[in-house]
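In listed order, ligands and their atoms are each counted from 1. What you see is a predicted model, and the numbers here were worked out from it, not measured in a lab. Nothing fancy with the numbering, it's 1 onward along the sequence.
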Amino acid sequence: MAAELQALAPLDVARIREDFPILARAIRGKPLVYLDSGASAQRPKAVIDAMSGYYERHHANVHRGVHTLSQEATDLFEGAREKVRRFLNAASTREIVFVRGTTEAINLVAQSWGRSRLKPGDEIVITWLEHHANIVPWQMACEQTGAVLKIVPIDRRGVVDHEAYLSMLGPRTKLAAFSHVSNALGTVLPVREMVAAARERGIVTLIDGAQAVPHQAVDVREIGCDFYAFSGHKLFGPTGIGVLYGREAVLAAMPPWQGGGDMILTVSFSGTTYNELPYRFEAGTPDIAGAIGLGAAIDYVDSLGLERIAAWEHELLDYATRRLSAVPGLEIVGTAPDKASLVSFTIEGVHPHDLGTILDAEGIAIRTGHHCAMPVMEFFDLPATARASFAFYNTREEIDVLAAALVRAREMLG
Ligand code: C6P
């Protein structure tokens with residue numbers, strides 16, 4: 001795999017950076033070093049232009065008017081849905097539901113599928129490394145239905161215990177829900193194997209793909225999952241838009257979760273009939289500009305090629321792992337053999353929040369805290385970590401700047 005990736009023509013990162021106006025900013029008098037794409041990536045001008053062009057020339061509400069602007073807006077909105085379908089290799093646009101983000105996608109499944117399917121004593125299996133967005137909606141569904149949450153352990157590297165996972169898939173298990181990539185540790189989970197094991201036992205699967213889609217090609221049919229969720233803003237698109245992929249047969253059997261305009265066919269006081277997929281799950285006026293911006297982001301990522309993106313980011317990750325490991329007192333948290341584009345770490349004697357502030361003074365943006373994955377912090381007995389997360393627009397030089405700043409921070413505070 002590594003050799004195959006290296007054989008691809010490399011990305012022209014210097015040129016790519018010109019597509020991202022914000023990367024030319026100075027922060028506190030220093031060139032911005034943006035190493036927080038895991039929290040939210042930056043957008044290329046193509047995305048910003050697609051959204052402002054839509055507002056300047058085509059805006060109207062979708063699916064509602066016969067007038068030209070409404071039809072143009074609908075075409076652009078539905079065109080974006082088709083781009084998402086292709087991006088995930090879903091079988092049909094009926095399987096692509098626009099939502100606000102990963103969080104809303106998982107809540108939709110928990111409230112619609114979960115509340116209608118789960119019975120007292122049923123089990124939902126998740127892993128110890130999940131983001132709160134893939135924990136709390138299931139805790140709520142368990143409270144509402146009497147189902148029970150089972151947690152697959154991880155080891156000190158941040159690898160999910162596969163044997164334990166298999167042993168937890170029992171006769172009462174109705175759903176297995178797990179991240180594709182951990183946001184706190186960088187671990188890439190073997191989702192194909194995990195889904196296959198669940199499917200063999202007739203268990204529905206949901207993948208939280210928030211940290212995966214910006215870094216690797218995802219094919220939902222190859223993976224075989226029933227649900228796949230991601231957020232536009234981590235994929236170089238706008239905030240406020242995201243996607244729930246749902247296998248058509250599973251979505252079609254689910255009740256709506258929010259009621260209102262656009263999700264109905266007919267409404268009368270004697271009863272209401274619901275719209276077809278995917279509109280049944282899209283009540284109210286959607287984020288039209290957001291979907292169009294997400295479509296433009298997908299076009300942009302496709303123009304670079306996810307294989308080439310993955311190859312460059314693997315180089316960056318290897319380089320960052322080497323450079324950061326050499327910083328005195330630094331310990332990397334999350335050392336799985338298969339990792340995606342981030343490094344979580346602590347520095348002896350320096351609180352991660354102080355580190356974040358010191359780095360900000362040098363123009364370096366990283367994330368510090370529990371990363372909305374408090375059980376991971378509990379597992380490693382840490383209050384917080386610092387996390388540098390990369391995208392294809394990052395450079396080795398930026399990692400050098402980070403490493404030098406970390407050495408100085410340790411000298412100052414450690
Ligand atoms: N993680 C991070 O800094 P939303 O907020 O809905 O776009 O995404 C939630 C989410 C769900 N799953 C994973 C694996 C995630 O990483 C995130 C968002 C950000 O790591 C903000 S907490």
Hey, does the Lys NZ or Arg CZ of Arg43 hover above the aromatic six-ring of Tyr300, less than 6.0 Å from the centre and inside 45° of the axis?
-> no
Any atoms of ligand 1 less than 4.0 Å from a non-hydrogen atom of Ala39? List them with their elements.
-> 2 (C), 3 (O), 19 (C)
Show which atoms of ligand 1 fall inside a sub-4.0 Å distance from at least one heavy-atom site of Cys372.
-> 22 (S)
Do me a favour and list the nearest non-hydrogen protein atom to atom 16 (O) of ligand 1 with residue, atom name and distance?
-> Gln211 NE2, 2.7 Å
Can you tell me if His180 has a non-hydrogen atom under 4.0 Å from ligand 1?
-> no
Phe227: which of Thr205, Val250, Val97 passes side chain to side chain contact (heavy atoms under 4.5 Å, CB included) = Val250
Check the side chains of Glu130 and Thr127 for a donor-acceptor pair under 3.5 angstrom, ignoring hydrogens and angles.
-> yes
Assess the pair Phe98 and Tyr279: is the distance between their ring centroids shorter than 6.0 Å?
-> no
Atom 15 (C) of ligand 1: nearest protein contact (heavy atom, Å) = His131 CD2, 3.3 Å
Could you check atom 5 (O) of ligand 1 against the protein and tell me its nearest heavy-atom contact, residue, atom and distance included?
-> Thr103 OG1, 3.7 Å
Going by the angle between their ring planes, with limits at 30° and 60°, are Phe236 and Tyr393 parallel, tilted or perpendicular?
-> perpendicular
For ligand 1, indicate whether the residue Glu130 contacts it via side chain, backbone, both or neither (heavy-atom separation under 4.0 Å).
-> neither
Should Ser231 be counted as touching ligand 1, given the test is an N or O pair under 3.5 Å?
-> yes
With a 4.0 Å cut-off on heavy atoms, does Arg100 reach ligand 1?
-> no
Note the single closest protein heavy atom to atom 2 (C) of ligand 1, along with its residue, its atom name and the distance in Å.
-> Arg367 NH1, 3.0 Å
Short side-chain donor-acceptor distance under 3.5 Å, Glu398 and Asn394 = yes
Of all protein heavy atoms, the one nearest atom 19 (C) of ligand 1 is Lys234 NZ, 2.8 Å
shortest atom 12 (N) of ligand 1-to-protein heavy-atom contact is with Asp208 OD2, 2.6 Å
Pick from Leu330, Leu413, Leu406: which one makes a side chain to side chain contact (heavy atoms under 4.5 Å, CB included) with Val350?
-> Leu413
Test salt bridge (charged side-chain N to carboxylate O under 4.0 Å, His left out) applied to Arg199 and Asp226, step by step = CA-CA 9 Å; Arg199 286 193 80 179; Asp226 295 296; 5.3 Å; no
